[in-house]
Amino acid sequence: INFNNGWFVQGEAPAGTMLSMFKSVITSGGASEADVSFYFAHWITDLAGAEPYGDRPWPGSEKFVVKFPLRVLSSFLESFAFVDRLASVSEVDVVEAYLESRWSDLGLSSFAVAEGCQPAARRLALMAQGFEAGVVSALHALPPTDRDLIALELARSGHSQQFSGAPRALLESEPVGPALLVYYAPALIQKAGAAHARGALHVLAAVYRAARALFPCSALEGSAKSCITVRIDVLKVLSPPEIAAAAQWHLRQTSDISAEAVRGPPCSEAEGPAVRTAPLEIHVEILEGMAYSL
């Protein structure tokens, strides 16, 4: 069913990308919310025994007790009650309800969010895991070009339905796509921490900008429900100052539906002339916190 719970609880992926196949299975099989709940009971039991224990008797749920932070385990368990609703509501409705609930649970209900930034702010809060208010403040402290780009791309649902708080550009036009899934965006933000949250978001904006150069939006049938996966494995292990110190970066298209971040200038000889690339436009003064301060 192609469901990744880590994507869901961290706000990492577009709603349609995460849940459309799951929704299709539920619909074709005539499953109820109770059926989905039973699936998750099996899922959590299966994961509990995922840690090898050799010849030790009665090891218990070591995967949860030893390997899982309590925050992560709690978020998994809390998410099940929302995904259950796929039996009766849309993928976007499920994700929007979850984002709204977590926003409230995190104590952010009174936080003023700019118009059109609501889906992005809520997804970023889930990605931060510990400095939620800080990352939302960092979003609003970005240059408008970066802030508006992040707000737009994180609001794309990968579905014909849009989030109610999406930017007007999405709400007042026909759905277009593909949506973008920046794989390991939460890890990038968590590595940066509260001190460099703004820098991490500037890098994320650069990734979105380069991805759109490689994969422009289209109104063709099915485009709105499609998704491009952009892997940033090489960026997620570095703090924003370390990314700046490494100088040039670019995205390299790896297939019709994927790209990856690569260190160095675009279109290098090693990659060959036929490889499509786009530079990551990262400005050192922003990463170092010199131009924009909270």
Exercise. Which heavy-atom pair separates Gly116 from Ala151 by the least distance, and what is that distance?
Worked result: O-CB, 3.8 Å
For this session: Give the cluster check for Leu188 versus Leu280: same hydrophobic cluster or not, with ILVMFWY residues linked at side-chain heavy-atom distances below 4.5 Å.
Result: yes
Exercise. Would you call Ile189 and Phe131 a side-chain contact if the rule is heavy atoms closer than 4.5 Å?
Worked result: yes
Problem set entry | Test log, rule side-chain contact (heavy atoms from CB on, under 4.5 Å), inputs Arg209 and Asp146 | CA-CA 9 Å; Arg209 195 169 286 113; Asp146 282 356; 2.9 Å; yes
Exercise. Side-chain contact, heavy-atom cut-off 4.5 Å: Glu33 with Ser88?
Worked result: yes
Seminar exercise, completed: dist Leu99:CG -> Arg122:CZ (nearest 0.5 Å) comes out at 7.0 Å
Problem set entry | Main-chain N/O of Ser24 paired to Thr27 side chain as donor or acceptor, under 3.5 Å | no
Problem set entry | Other residues, nucleotides, ligands: >12 heavy atoms within 6.0 Å of Leu171 CG | yes
Exercise. Within the distance-only criterion (no hydrogens, no angle test), does the side chain of His140 pair as donor or acceptor with the backbone N or O of Val136 below 3.5 angstrom?
Worked result: yes
For this session: Write down the atom of Ala41, the atom of Ile44, and the distance for their closest heavy-atom approach.
Result: O-CG2, 3.3 Å
Problem set entry | Neighbour count >12 (heavy atoms, 6.0 Å) for atom NZ, Lys23 | yes
For this session: Begin with the C-alpha distance, continue with both residues' side-chain angles, and end with the deciding distance and a verdict on side-chain contact (heavy atoms from CB on, under 4.5 Å) for Glu132 and Leu108.
Result: CA-CA 8 Å; Glu132 294 85 1; Leu108 298 172; 4.0 Å; yes
For this session: In plain terms, say whether Lys236 and Glu12 are close enough for a salt bridge, that is, a side-chain N and a carboxylate O under 4.0 Å apart.
Result: no
Exercise. Is the backbone N or O of Ala97 less than 3.5 Å from a side-chain atom of Ser101, with the two atoms forming a donor-acceptor pair by type?
Worked result: no
Exercise. Is any side-chain heavy atom of Thr229 less than 4.5 Å from a side-chain heavy atom of Ile257?
Worked result: no
Exercise. Between Leu214 and Arg252, is a side-chain contact (heavy atoms from CB on, under 4.5 Å) present by the stated rule, with each step listed?
Worked result: CA-CA 9 Å; Leu214 296 176; Arg252 175 175 61 198; over 6 Å; no
Seminar exercise, completed: Distance col, row Ser109:OG vs Glu100:CD, nearest 0.5 angstrom, shows 8.0 Å
Problem set entry | Aromatic plane relationship, Phe82 with Tyr98 - under 30° parallel, 30 to 60° tilted, over 60° perpendicular | perpendicular
For this session: Provide the closest heavy-atom pair for Gln248 versus Pro265 in the form atom of the first, atom of the second, distance.
Result: OE1-CB, 3.5 Å
Problem set entry | Same cluster (ILVMFWY, side-chain, under 4.5 Å), Met18 and Leu126 | yes
Exercise. Heavy-atom distance under 4.5 Å between the side chains of Val207 and Leu235, does that happen here?
Worked result: yes
Exercise. If every non-hydrogen atom of Gly134 is compared with every non-hydrogen atom of Ala197, which pair is closest and at what distance?
Worked result: O-CB, 4.5 Å
For this session: Look at the side-chain heavy atoms of Ile, Leu, Val, Met, Phe, Trp and Tyr, link any pair under 4.5 Å apart, and say whether Val92 and Val89 land in one connected group.
Result: yes
Exercise. Rounded to the nearest 0.5 Å, how far apart are SG of Cys227 and CZ of Phe215?
Worked result: 10.5 Å
For this session: Before giving the answer on side-chain contact (heavy atoms from CB on, under 4.5 Å), spell out for Ser160 and Lys225 the whole-Å C-alpha distance, their side-chain angles and the decisive distance to 0.1 Å.
Result: CA-CA 7 Å; Ser160 57; Lys225 296 182 179 181; 4.1 Å; yes
Exercise. Under 30°, 30 to 60°, or over 60°: which ring-plane class applies to Phe22 and Tyr39, parallel, tilted or perpendicular?
Worked result: perpendicular
Seminar exercise, completed: Exactly one of Leu170, Thr17, Leu181 clears side chain to side chain contact (heavy atoms under 4.5 Å, CB included) with Arg156, and that residue is Leu170
Problem set entry | Side-chain heavy atoms of Ile282 within contact of His202, under 4.5 Å | yes
For this session: Using the test side-chain contact (heavy atoms from CB on, under 4.5 Å), find all partners of Asn5 that sit at least two apart in sequence or belong to another chain.
Result: Phe3, Val9, Phe40, Trp43, Phe76, Ser79, Phe80
For this session: Report yes or no: do Leu152 and Val95 belong to one cluster of Ile/Leu/Val/Met/Phe/Trp/Tyr joined by side chain heavy-atom distances under 4.5 Å?
Result: no
For this session: To the nearest 0.5 angstrom, please state how far the CZ atom of Arg102 sits from the OG atom of Ser104.
Result: 10.0 Å
Problem set entry | Short side-chain donor-acceptor distance under 3.5 Å, Glu91 and Ser20 | yes
Exercise. Are Leu124 and Ile150 close enough that some pair of their side-chain heavy atoms sits under 4.5 Å apart?
Worked result: yes
Exercise. What's the shortest heavy-atom distance between Ala213 and Arg276, and which atoms?
Worked result: O-NH2, 3.8 Å
Exercise. What distance do Leu73 atom CG and Glu78 atom CD have between them, rounded to the nearest 0.5 Å?
Worked result: 9.5 Å
Problem set entry | pair Arg198-Leu201: side-chain heavy atoms closer than 4.5 Å | no
For this session: Taking the side chain as every heavy atom from C-beta outward, state whether Val234 and Val262 have any atom pair closer than 4.5 Å.
Result: no
Exercise. Are Val36 and Leu77 connected, step by step, through hydrophobic side chains (Ile, Leu, Val, Met, Phe, Trp, Tyr) whose heavy atoms are closer than 4.5 Å?
Worked result: yes
Exercise. Between the main-chain N or O of Ser164 and the side-chain N or O of Glu96, is there a donor-acceptor pair closer than 3.5 Å?
Worked result: yes
Exercise. CD1 of Ile232 to CD1 of Ile243: how many Å apart, nearest 0.5 Å?
Worked result: 8.0 Å
For this session: Give the minimum heavy-atom separation between Pro14 and Gly158, together with the two atoms involved.
Result: CB-N, 4.1 Å
